[in-house]
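All chains are named by letter (A, B, ...) in the order of the sequence lines, taking the proteins before the strands, and each is independently numbered beginning at 1.
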2 protein chains.
Amino acid sequence: MVSDANGNSVKNIKSLQAIQTEVQGSNRIALSVDCVIFGFDENKLKVLLIRSDLKKYQSRWSLLGDLVGGKEDIHDAAYRILKERTGLDDVYLEQVHTFGSVNRHPAGRVVTVAYCSLINVQHHKLKILDNELHWHDVNSVSDLAFDHQEIFEACYKWLQKRIQEHPLGFNLLPKKFSLRDLQNLYEAILNTKMDRRNFRKKFFSMDFLIDIDEMEQDVPHRPGKLYKFNFEKYAKKKKKWVGIDF
Amino acid sequence: MVSDANGNSVKNIKSLQAIQTEVQGSNRIALSVDCVIFGFDENKLKVLLIRSDLKKYQSRWSLLGDLVGGKEDIHDAAYRILKERTGLDDVYLEQVHTFGSVNRHPAGRVVTVAYCSLINVQHHKLKILDNELHWHDVNSVSDLAFDHQEIFEACYKWLQKRIQEHPLGFNLLPKKFSLRDLQNLYEAILNTKMDRRNFRKKFFSMDFLIDIDEMEQDVPHRPGKLYKFNFEKYAKKKKKWVGIDF
DNA sequence: AAAATAATGTGTTTATTTTACACATTAAAA
DNA sequence: TTTTAATGTGTAAAATAAACACATTATTTT
């Protein structure tokens with residue numbers, strides 16, 4: 001037992017070198033990132049899956065993932081995976097949860113950090129070179145490889161909750177969108193029907209939609225007005241105090 | 001390029017062994033768990049900190065953490081750390097976020113998973129053997145070691161949001177509590193004042209408080225009624241649909 | 001060209017929830 | 001016994017959310 005400058009007894013003081021030895025010790029772990037990539041197309045919420053690169057699982061679909069480099073920020077790793085595997089750049093990305101069961105991966109101990117990614121399918125020209133990558137309707141995703149079903153479901157639930165509190169849904173839409181587009185998006189994600197008039201009222205009252213004075217083109221019905229989301233104004237907004245409710 | 005049973009071309013098929021080689025390869029990473037342990041004492045929200053075991057940082061406080069074992073579930077690791085370092089068992093624990101900046105730790109690459117823990121200070125007899133462990137008022141936490149200030153703040157914000165939507169606050173209180181206790185807890189965590197009458201009305205209308213027909217003892221004023229939280233009833237509750245609001 | 005269709009755009013009314021606020025009651029302290 | 005400082009209950013007003021109807025516009029059909 002040693003004492004510090006104030007005379008307090010302090011246990012277990014370690015040198016930097018001792019800690020370095022521990023950190024470089026035998027129980028280091030493979031760390032991966034898995035991305036749950038959502039898209040919105042033909043009024044359906046989709047998720048981008050890839051055929052498992054593991055032979056044993058080749059008939060199963062899996063999330064896009066890869067090991068994190070020893071000198072790579074996990075967030076950078078998520079961006080890298082998206083870029084490498086899909087060609088997509090500049091997409092919305094947020095960490096959701098880390099899955100660390102011992103036997104979650106057949107190849108050994110791999111802890112994985114799950115990220116949720118939202119992309120605008122129309123804008124980003126996805127390079128689906130072969131049958132490796134495929135957009136799946138979220139309602140028909142089942143039997144994914146490894147524990148990816150669990151990860152997918154956690155991210156989907158996360159998205160359903162998150163989209164009601166934050167304006168991230170706009171990352172799934174074109175820059176210019178109609179209120180019908182927006183409502184279709186919310187209805188697809190939340191898997192519910194909403195009253196059109198109350199939905200409009202709600203969004204107009206939040207006052208983040210910019211009327212760009214343009215109309216829809218080439219629609220088989222009366223064209224609706226187009227809007228942009230005012231991200232700048234939202235960023236300046238001071239967060240409200242919600243209420244206790246559970 | 002190979003083809004699968006359906007004649008689809010499939011790239012990058014790997015054997016299990018090939019993946020195992022990757023997983024056991026050179027870029028494995030030290031993984032740690034850091035616990036932000038909250039307690040509620042004398043109507044103040046507290047956080048349990050420990051003097052950094054790293055000599056260089058010995059004047060600074062840090063979170064309780066340790067490396068995750070190679071064959072240890074990360075959740076189990078969080079429980080182990082709590083048990084080893086504080087003697088506490090059977091506490092509320094939830095994962096919050098994973099921090100993976102390359103240079104976040106001076107001893108080398110360490111990715112850490114942050115957990116939020118809530119304990120009842122009265123019930124659990126904490127073994128604070130020496131000056132290593134100390135309860136700090138959350139409002140006076142500053143200048144923690146490593147990136148622990150950032151982790152602490154993320155967990156505190158998480159708690160403030162979470163407590164409004166889930167009944168986890170009861171883990172900070174004794175089993176039997178008065179409505180005044182409960183309001184003091186919410187006011188301390190959210191750092192705000194609430195109307196006493198509306199606070200009561202809100203909780204009574206949620207209908208999860210069990211009136212156990214007991215009164216406070218040894219209080220220097222008119223004793224209030226004591227309640228328990230009905231966790232069973234809450235578990236059965238089907239989750240409501242909130243509304244869009246951001 | 002006219003009529004029918006199917007969408008957009010704009011309210012109002014009602015119900016529910018939240019906020020603001022006042023007074024009687026009880027036990028301890030003076 | 002009086003005073004004090006809490007607890008416990010209720011009501012009115014305001015804000016928000018839900019339910020609902022009709023006129024307008026462009027397209028499609030007749």
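- Residue Arg196(A) places its side chain closer to dT10(C) than to any other of dG8(D), dT10(C), dT19(C).
- For dG11(C), its base never sits under 3.5 Å from the side chain of Arg200(A) at any donor and acceptor pair.
- Taking atom NZ on Lys225(B) and atom P on dT9(D), their separation rounds to 6 Å, with Å as the unit.
- Taking 3.5 Å as the limit, the base of dT24(D) and the side chain of Arg222(A) contain a donor-acceptor pair of atoms between them.
- The minimum heavy-atom distance linking Leu226(B) with Met215(B) is given by the pair CD1-O, 3.5 Å.
- Ring-plane geometry between Phe231(B) and Phe170(B) is classed as perpendicular, the angle between the planes exceeding 60 degrees on a 0 to 90 degree scale with a lower cut at 30.
- Straight-line distance from the NE2 atom of His221(A) to the P atom of dG9(C): 10 Å, rounded to whole Å.
- With a 6.0 Å cutoff to the six-membered ring centre and a 45° limit on the axis angle, Lys239(B) counts as a cation-pi contact of Tyr234(B).
- For dC21(C), the OP1/OP2 oxygens have no side-chain nitrogen or oxygen of Arg197(B) closer than 4.0 Å.
- For the pair Asp195(B) CG and dA12(D) P, the computed distance is 17 Å after rounding to whole Å.
- Between His136(B) and Trp61(B), the ring-plane angle classifies as perpendicular under the 30° and 60° cut-offs.
- In this structure, Leu226(A) atom CG and dA7(C) atom P are separated by 18 Å, rounded to whole Å.
- Rounding to whole angstrom units, CG of residue Leu182(B) and C1' of dT7(D) are separated by 15 Å.
- Judged by distance alone with a 3.5 Å cut-off, a donor-acceptor contact links the side chain of Lys201(B) to the base of dT11(D).
- Residue Arg180(A) has a polar side-chain atom (N or O) positioned under 4.0 Å from OP1 or OP2 of dT8(C).
- With a cut-off of 3.5 Å on both Watson-Crick or G-U wobble distances, the partner of dA17(D) is given as dT14(C).
- Take the nearest nucleotide of DNA chain C for Pro223(A) and for Asn198(A): the residue whose nucleotide is more 5' is Pro223(A).
- One interatomic measurement links the two molecules: CD1 of Ile244(A) to P of dT19(C), which rounds to 10 Å at whole-angstrom precision.
- Distances shown here put a side-chain N or O of Lys202(A) below 4.0 Å from the OP1 or OP2 atom of dA17(D).
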* **Residues Arg180(B), Glu216(B); criterion salt bridge (charged side-chain N to carboxylate O under 4.0 Å, His left out); working and verdict** => CA-CA 11 Å; Arg180(B) 164 60 52 194; Glu216(B) 287 179 299; over 6 Å; no
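- Regarding Met215(B), its CE atom lies at a distance of 16 Å from the P atom of dT25(C), rounded to whole Å.
- Look at CD on Glu216(A): it is 8 Å from P on dG9(C), rounded to the nearest Å.
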